[in-house]
Protein chains: 2
Amino acid sequence: MREPGRGVMSHQTEADRVLRSLGHSACIEHDPDVLRSVLDRVGDKWSLILIGLLDKGPMRFTELLRTAPGISRRMLSLTLRNLERDGLVTRKVFPEIPPRVEYEVTPFGRTLSEPVLALARWAADHEGTIRANRRAFDQAAGLD
Amino acid sequence: MREPGRGVMSHQTEADRVLRSLGHSACIEHDPDVLRSVLDRVGDKWSLILIGLLDKGPMRFTELLRTAPGISRRMLSLTLRNLERDGLVTRKVFPEIPPRVEYEVTPFGRTLSEPVLALARWAADHEGTIRANRRAFDQAAGLD
DNA sequence: CAGCATCCGCTATGATACTG
DNA sequence: CAGTATCATAGCGGATGCTG
């Protein structure tokens, strides 16, 4: 997640450069740069969570603020803007008082949640293994 | 990438609850803490890059240092140790002079590269769309 | 309510030098 | 070669207050 400030995140440049380097979308080998760029986009925890939450339906700002416990206004705002910028979610303002704004995942965004959820599923499926591995490793290390 | 040992899964219990809730569609109603920590691990750029690189075959330390674009010795060392700790890669030392160490993805690690590559594929497939979206968004914002 | 702007601490990460 | 130890720093992300 990039800084707010004035001009929109000015340094998404690296990920962009990286994506450019790969050229076409045909068959993607294990290009390190691509992996990196993907993670830059959706790898941060709030993007993941928001994509996941919004996948179930439109939500308002404060609603998201409440539902994603631990997120700050700042990060929610920032993250939503980035997601909107990438065309993954839409922002709809209702001219009412008090103001109401709803965020919704775009069809494009839904194509993303698929692989993202696949990863989450992997994490869930192998949660136990990882935990065990860590314990074993830590214990072995502690025996020195 | 957190330092080995302690330090990671000690916070963000709230966000974890969220991940669980959003996981309704995918069976990820497991321990949110570990889930988060796993996603953190999987989510950081160097881990993914290394998993991707090593997926093609065993590699030596310096070899990885050269191949992974921009990684520092420190991060390579740290990341490899964490991957090893999670049982995703193995570290094999050859008693030679000069010393040689080879890292290799475990079968367990290979189950991870699958979803990872799915994500990478998504990035490749939608690279153009994202860049176009960003350009459009930035330009629209600049008209104010 | 939605959401910027400001201040700021923390830590993840890079650069460098040293060791076995 | 394969790391480790140390230092310095950028920028992520939280807290808060202000505005429309």
Side-chain angles (χ1 to χ4, degrees), chain A residues 1-15 36 39-41 43-50 58-85 89-103 141 144, chain B residues 1-12 14-15 36-37 40-41 43-47 49-50 58-84 89 91-103 141 144:
Chain A
M1 206 73 337
R2 280 70 197 182
E3 283 311 296
R6 355 77 306 172
V8 184
M9 337 356 315
S10 48
H11 69 188
Q12 216 91 29
T13 49
E14 187 166 4
R36 186 192 189 303
L39 263 297
D40 274 1
R41 161 83 271 106
D44 78 288
K45 83 179 177 191
W46 296 130
S47 290
L48 266 176
I49 290 179
L50 292 183
M59 279 197 186
R60 306 178 55 173
F61 187 86
T62 305
E63 203 178 348
L64 286 167
L65 200 58
R66 282 197 314 268
T67 314
I71 195 172
S72 63
R73 284 163 184 267
R74 179 187 143 91
M75 289 320 292
L76 179 56
S77 187
L78 248 41
T79 305
L80 283 174
R81 181 184 307 281
N82 273 321
L83 292 177
E84 186 195 358
R85 179 172 180 250
V89 308
T90 55
R91 178 174 178 275
K92 190 175 180 184
V93 183
F94 296 79
E96 309 173 354
I97 292 180
R100 183 163 62 120
V101 179
E102 277 192 354
Y103 293 89
D144 299 346
Chain B
M1 187 69 19
R2 279 67 188 185
E3 301 303 319
R6 221 33 252 188
V8 188
M9 25 262 155
S10 45
H11 56 79
Q12 297 313 346
E14 314 84 354
R36 272 275 306 140
S37 74
D40 267 5
R41 150 95 51 264
D44 90 282
K45 75 182 182 191
W46 296 128
S47 291
I49 289 179
L50 292 182
M59 279 195 184
R60 305 178 55 172
F61 187 86
T62 305
E63 202 178 350
L64 286 168
L65 200 58
R66 283 196 314 267
T67 313
I71 195 171
S72 63
R73 280 162 185 259
R74 179 189 149 85
M75 288 322 292
L76 179 56
S77 185
L78 250 38
T79 306
L80 283 173
R81 193 181 316 139
N82 273 321
L83 291 176
E84 187 194 356
V89 309
R91 178 174 178 275
K92 189 174 180 185
V93 182
F94 296 79
E96 311 171 355
I97 293 180
R100 183 163 61 119
V101 179
E102 277 191 355
Y103 292 89
D144 298 346

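First the proteins, then the strands, lettered A, B, ... as listed; each starts at 1.
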Between [options], which nucleotide has the shortest distance from any of its atoms to the side chain of [X]?
X: A/Arg91; options: C/dG3, D/dC1, D/dT4; value: C/dG3
X: A/Trp46; options: D/dG14, C/dC1, D/dA2; value: D/dG14
X: B/Ser77; options: D/dT4, D/dG13, D/dC1; value: D/dT4
X: A/Arg73; options: D/dG17, D/dA2, C/dG14; value: D/dG17

On DNA chain C, compare the nucleotides closest to A/Pro99 and B/Ser72; which residue's is nearer the 5' end?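 Taking each residue's closest nucleotide, the earlier one in sequence belongs to A/Pro99.
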
Have a look at B/Phe94 and say if it touches a base, only the backbone sugar-phosphate, or nothing, with a 4.0 Å heavy-atom cut-off.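 Touches nothing.
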
Name the nucleic acid region contacted by B/Arg100, choosing base, sugar-phosphate or nothing; use a 4.0 angstrom heavy-atom cut-off, strictly under.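 Answer is sugar-phosphate: B/Arg100 comes under 4.0 Å of backbone atoms only.
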
For the pair made of [atom1] in [X] and [atom2] in [N], what is the distance, rounded to whole Å?
X: B/Met75; N: C/dA12; atom1: CE; atom2: P; answer: 9 Å
X: B/Glu84; N: D/dA2; atom1: CD; atom2: P; answer: 15 Å
X: B/Leu78; N: C/dA15; atom1: CG; atom2: C1'; answer: 15 Å
X: B/Glu96; N: D/dA2; atom1: CD; atom2: P; answer: 10 Å
X: A/Ile49; N: D/dG13; atom1: CD1; atom2: C1'; answer: 13 Å
X: B/Arg74; N: C/dA15; atom1: CZ; atom2: P; answer: 12 Å
X: A/Ile71; N: D/dC12; atom1: CD1; atom2: C1'; answer: 13 Å
X: A/Leu76; N: C/dG3; atom1: CG; atom2: P; answer: 8 Å

Reported CG-to-CD1 distance for the pair A/Leu64 and A/Ile49, which is rounded to 0.5 angstrom: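 Rounded to the nearest 0.5 Å, the CG-CD1 separation comes out at 11.0 Å.
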
If you apply the rule side chain to side chain contact (heavy atoms under 4.5 Å, CB included), what do you find for B/Leu78 with B/Met75, and how did you get there? CA-CA 5 Å; B/Leu78 250 38; B/Met75 288 322 292; 4.2 Å; yes

Does a side-chain N or O from B/Thr62 land closer than 4.0 Å to OP1 or OP2 of D/dA2, or not?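 It does, given that an N or O in the side chain of B/Thr62 lies less than 4.0 Å from OP1 or OP2 of D/dA2.
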
Does OP1 or OP2 of D/dT4 have a side-chain N or O of B/Arg81 closer than 4.0 Å?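 B/Arg81 to D/dT4 OP1/OP2: side-chain N or O found under 4.0 Å.
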
Would you name the heavy atoms of A/Leu76 and A/Phe61 that are closest together and state the gap between them?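 It is CD2-O, 3.4 Å.
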
For the residue pair B/Thr67 and B/Glu63, what are the closest heavy atoms and their distance?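 That would be OG1-O, 2.6 Å.
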
Quick check: does any side chain N or O of A/Ser77 sit under 3.5 Å from a backbone N or O of A/Arg73, one acting as donor and the other as acceptor?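 Between the backbone of A/Arg73 and the side chain of A/Ser77 there is no qualifying donor-acceptor contact (under 3.5 Å).
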
